[in-house]
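A short write-up of the structure that comes next.
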Protein chains: 2
Amino acid sequence: MNPITVFIVDDHFMVIEGIQAMLQNENDLQVVGHASNAASCISFLKQQQPDVLLMDINLGTESGIELCKEVKTMYPQIMILALSTFNQFSFIDKMMENGASGYLLKNAERTEITEAIHHVLKGGTYLSREVTDTMKAVEEGKKDKPALTRREKEILELVADGLTNQEIADQLFIGVSTVDTHRKNLLAKFNVKNTASLIRMAAKLQMI
Amino acid sequence: MNPITVFIVDDHFMVIEGIQAMLQNENDLQVVGHASNAASCISFLKQQQPDVLLMDINLGTESGIELCKEVKTMYPQIMILALSTFNQFSFIDKMMENGASGYLLKNAERTEITEAIHHVLKGGTYLSREVTDTMKAVEEGKKDKPALTRREKEILELVADGLTNQEIADQLFIGVSTVDTHRKNLLAKFNVKNTASLIRMAAKLQMI
DNA sequence: CAAAATCTCCTGTTTTTAGGGGATTTTTTT
DNA sequence: AAAAAAATCCCCTAAAAACAGGAGATTTTG
C-alpha cells in the first residue's frame with residue numbers, strides 16, 4: 001500500500017524539521033515537501049498533490065487562513081490539518097470555516113499527529129483536546145457578546161474611531177437619525193447607557 | 001576542543017526535534033538533553049550543566065521567564081538564549097531582565113541559531129533583527145502614552161465605567177466643573193476630540 | 001408566502017460633552 | 001523659599017449624544 005503523502009507549510013524552519021523528524025519512522029507516512037510561504041506552497045501543489053497538508057495558520061506576514069481557503073478551492077480532496085501555537089477561538093473558527101479538517105496545537109506529540117492525519121483522511125474532523133475545550137469555553141462566553149448586525153458593527157467601528165453621528169452619516173450615505181437609531185440599539189444591546197462604556201465593553205470583548 | 005553543550009527547554013516536542021535536527025550536523029555543538037517543563041529542566045541541571053540553554057518563554061502553563069531567573073541565580077555561568085514565537089516587547093524585556101543573553105524567534109534559521117550560541121558564549125547579547133526592531137518600535141511608541149496625573153487616571157477610569165460628570169463629581173466629592181476640566185485635559189493629552197476615541201485609545205494602550 | 005429581522009427615517013425633549021476662556025488654592029519639585 | 005505642576009472651581013456657548021416613541025421599506029429566514 002502506498003504511504004500517505006504529507007506536505008508541511010510553516011514559516012518556522014525548526015518546526016518543519018521537527019515534524020519531519022517525528023514522522024520519519026512512520027512508514028505509512030511520507031513527507032513529500034515543505035514550504036515556508038503561501039506562494040511556494042501553491043507552486044508545489046501545481047506539480048503534485050499530497051494527501052494531507054500540515055499548515056501553520058501564521059506564516060509570518062501572510063495568513064494561513066487565506067491559504068487554506070485557496071487550497072481547498074483548488075484541490076478539495078487535499079485534507080488540511082491546521083497547526084498553530086494559538087489556542088484562540090477566532091483562529092480555530094476561521095480555519096475550520098475555510099475548509100480545514102482539523103486543528104492541532106504545536107505541542108502535539110507524535111501519536112497525536114499521526115492519529116489526526118489518519119482521521120482526517122477518513123473524512124473525520126480532528127480537534128485536539130485543548131482546542132475542543134477552547135471552543136466550548138467560547139460558546140459559553142458568547143452570551144456576553146451581543147450579536148450585532150452588519151450595519152451595527154460598521155457603526156460601532158466608526159464611533160470607536162471618534163466620528164460624530166454627522167460624520168458617520170456622511171461616510172455611509174445615510175441620515176443622521178439612522179445613525180442615531182443604530183447607536184441607540186448598540187447601547188441597548190450592550191446594556192450600557194453611554195458611549196464611554198459602550199467602547200470600553202466593545203474593546204474588552206475585542207470587537208473593535 | 002570540546003564541543004559546546006546545549007540543552008533545550010520547550011513544551012513543543014516538534015520544536016525540540018526541529019532544533020536537534022538543525023544542530024545535528026554542527027560538530028562543535030552538542031545537544032545534551034531537553035526538557036518540556038521547568039521541573040525536569042532544574043532536575044537535569046543538578047546532574048549536568050550545559051554551556052547554553054535554549055529556552056522557550058512559554059512552557060504551557062509555566063513561564064520560561066521565571067525559569068530563566070531561577071537558572072541564572074543557581075548557575076550564572078550558563079548562557080540562556082530565549083526562544084519564542086512572540087515578538088512582543090513585554091516578553092523580550094522580561095527575559096532580558098531575568099538574565100537571558102539573547103532572544104530568538106522560532107522562525108530562526110540554522111545559521112542564526114549557531115551564530116547566537118557562539119555569540120552569547122563569548123559574553124555578547126544576541127537579539128534577532130525582528131526583535132531589535134520591536135524594541136526600537138516600542139521605545140518610539142512610548143511617546144504615545146500620555147503621562148497622566150493621579151486624578152486624571154482616576155477620572156479616566158470612571159469615565160470608562162460610564163459615569164457622567166455629575167456622577168463622577170459626586171463620587172469624588174468635587175465639583176462638576178473640575179471633572180469637566182480634567183476631561184478636557186484628558187482629551188488634549190490623548191489628542192482626541194471625543195469620549196469614544198479617548199476610551200478606545202486608553203483601551204488600546206491598556207490604561208483602563 | 002408570511003413572519004421576523006434589519007435598515008431606514010422622522011419629531012421632539014433633555015442631558016451630557018466639547019470648546020473657549022480665566023482664576024485660585026494646594027501640592028510637588030527644584 | 002521659589003517655581004512648577006496639579007487640582008480645584010467658574011463663566012459662557014454650541015454641539016453632540018441620549019431618551020422616547022413611532023413608522024415605512026427592504027431583506028432574510030422559517
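Chain naming here is simple, since letters A, B, ... match the order of the sequence lines and numbering starts at 1 in each. Side chains included, hydrogens not; waters and symmetry mates left out as well; all remaining heavy atoms used.
- Among residues two or more places apart in sequence or in another chain, the ring pair (Phe, Tyr, Trp, His ring centres under 6.0 Å) test is passed with A:Y126 by none.
- Regarding A:L148, its CG atom lies at a distance of 10 Å from the P atom of C:dC7, rounded to whole Å.
- Across the protein-nucleic acid pair, A:N194 atom CG and C:dT15 atom C1' stand 11 Å apart, rounded to whole Å.
- Applying the side-chain hydrogen bond (donor to acceptor under 3.5 Å, both in side chains) definition to pairs two or more places apart or across chains, those involving residues 176-186 of chain A are A:N165-A:R183, A:R183-A:T195.
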What N/O pairs connect the protein and nucleotides 25-30 of chain D at under 3.5 Å? Give each pair on its own line.
none

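- Each end of the helix from C:dC1-D:dG30 to C:dT30-D:dA1 gets its own axis from five base pairs, and the two axes differ in direction by 80°, given to 10 degrees.
- With rounding to the nearest 0.5 angstrom, the NZ atom of A:K106 is 6.5 Å from the OG1 atom of B:T85.
- Atom NZ of A:K193 is separated from atom C1' of D:dA17 by 12 Å (rounded to the nearest Å).
- Among residues two or more places apart in sequence or in another chain, the salt bridge (Lys or Arg N to Asp or Glu O under 4.0 Å) test is passed with B:R150 by none.
- Applying the salt bridge (Lys or Arg N to Asp or Glu O under 4.0 Å) criterion to B:E115, with sequence neighbours excluded, gives no partner residue.
- The number of heavy-atom neighbours closer than 6.0 Å to CG of B:N191, taken from other residues, nucleotides and ligands shown, is 12 or below.
- B:V71 is listed as a side-chain neighbour of B:L53, based on a closest heavy-atom distance under 4.5 Å.
- Residues passing the ring pair (Phe, Tyr, Trp, His ring centres under 6.0 Å) test with A:F13, sequence neighbours excluded: none.
- With rounding to whole Å, A:L187 atom CG is found 9 Å from D:dA17 atom C1'.
- Between the NZ atom of A:K153 and the C1' atom of C:dT6 there is a distance of 13 Å, rounded to whole Å.
- Rounded to whole Å, atom C1' of D:dA18 lies 17 Å from atom CZ of A:F190.
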Under 3.5 Å, which donor-acceptor pairs do the side chains of residues 15-25 of chain A form with other protein atoms, sequence neighbours left out?
none

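- Within the structure, every side-chain polar atom (N or O) of B:T149 is placed at least 4.0 Å from both OP1 and OP2 of D:dA5.
- The local environment of NZ in B:K72 is crowded, with over 12 non-hydrogen atoms from other residues, nucleotides or ligands closer than 6.0 Å.
- Taking the side chain as every heavy atom from C-beta outward, A:N27 and A:P3 never approach each other to under 4.5 Å.
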Below 3.5 Å is the cut-off: list the nitrogen or oxygen pairs between protein and nucleotides 8-10 of chain C, distance only.
residue	atom	partner	partner atom	Å
C:dT8	OP1	A:R151	NE	3.3
C:dT8	OP1	A:R151	NH2	2.8
C:dT8	OP2	A:R151	NE	2.9
C:dT8	OP2	A:H182	NE2	3.2
C:dC9	OP2	A:G175	N	2.5
C:dC9	OP2	A:T178	OG1	2.5
C:dC9	O5'	A:T178	OG1	3.3
C:dC9	N4	A:T181	OG1	2.8
C:dC10	OP2	A:S177	OG	3.2

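- Contacts between residues 159-171 of chain B and DNA chain D, defined by a heavy-atom separation under 4.0 Å, are absent.
- Distance, A:E152 CD to C:dA5 P: 13 Å, rounded to whole Å.
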Using atom types as modelled, flag every donor-acceptor pair under 3.5 Å from a side chain in residues 34-44 of chain B to any protein atom, sequence neighbours excluded.
residue	atom	partner	partner atom	Å
B:N37	OD1	B:A39	N	3.2
B:N37	OD1	B:S40	N	2.9
B:N37	OD1	B:S40	OG	3.0
B:S40	OG	B:N37	O	3.4

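- Judged as a salt bridge (Lys or Arg N to Asp or Glu O under 4.0 Å), and not counting sequence neighbours, the contacts of A:K193 are B:E167.
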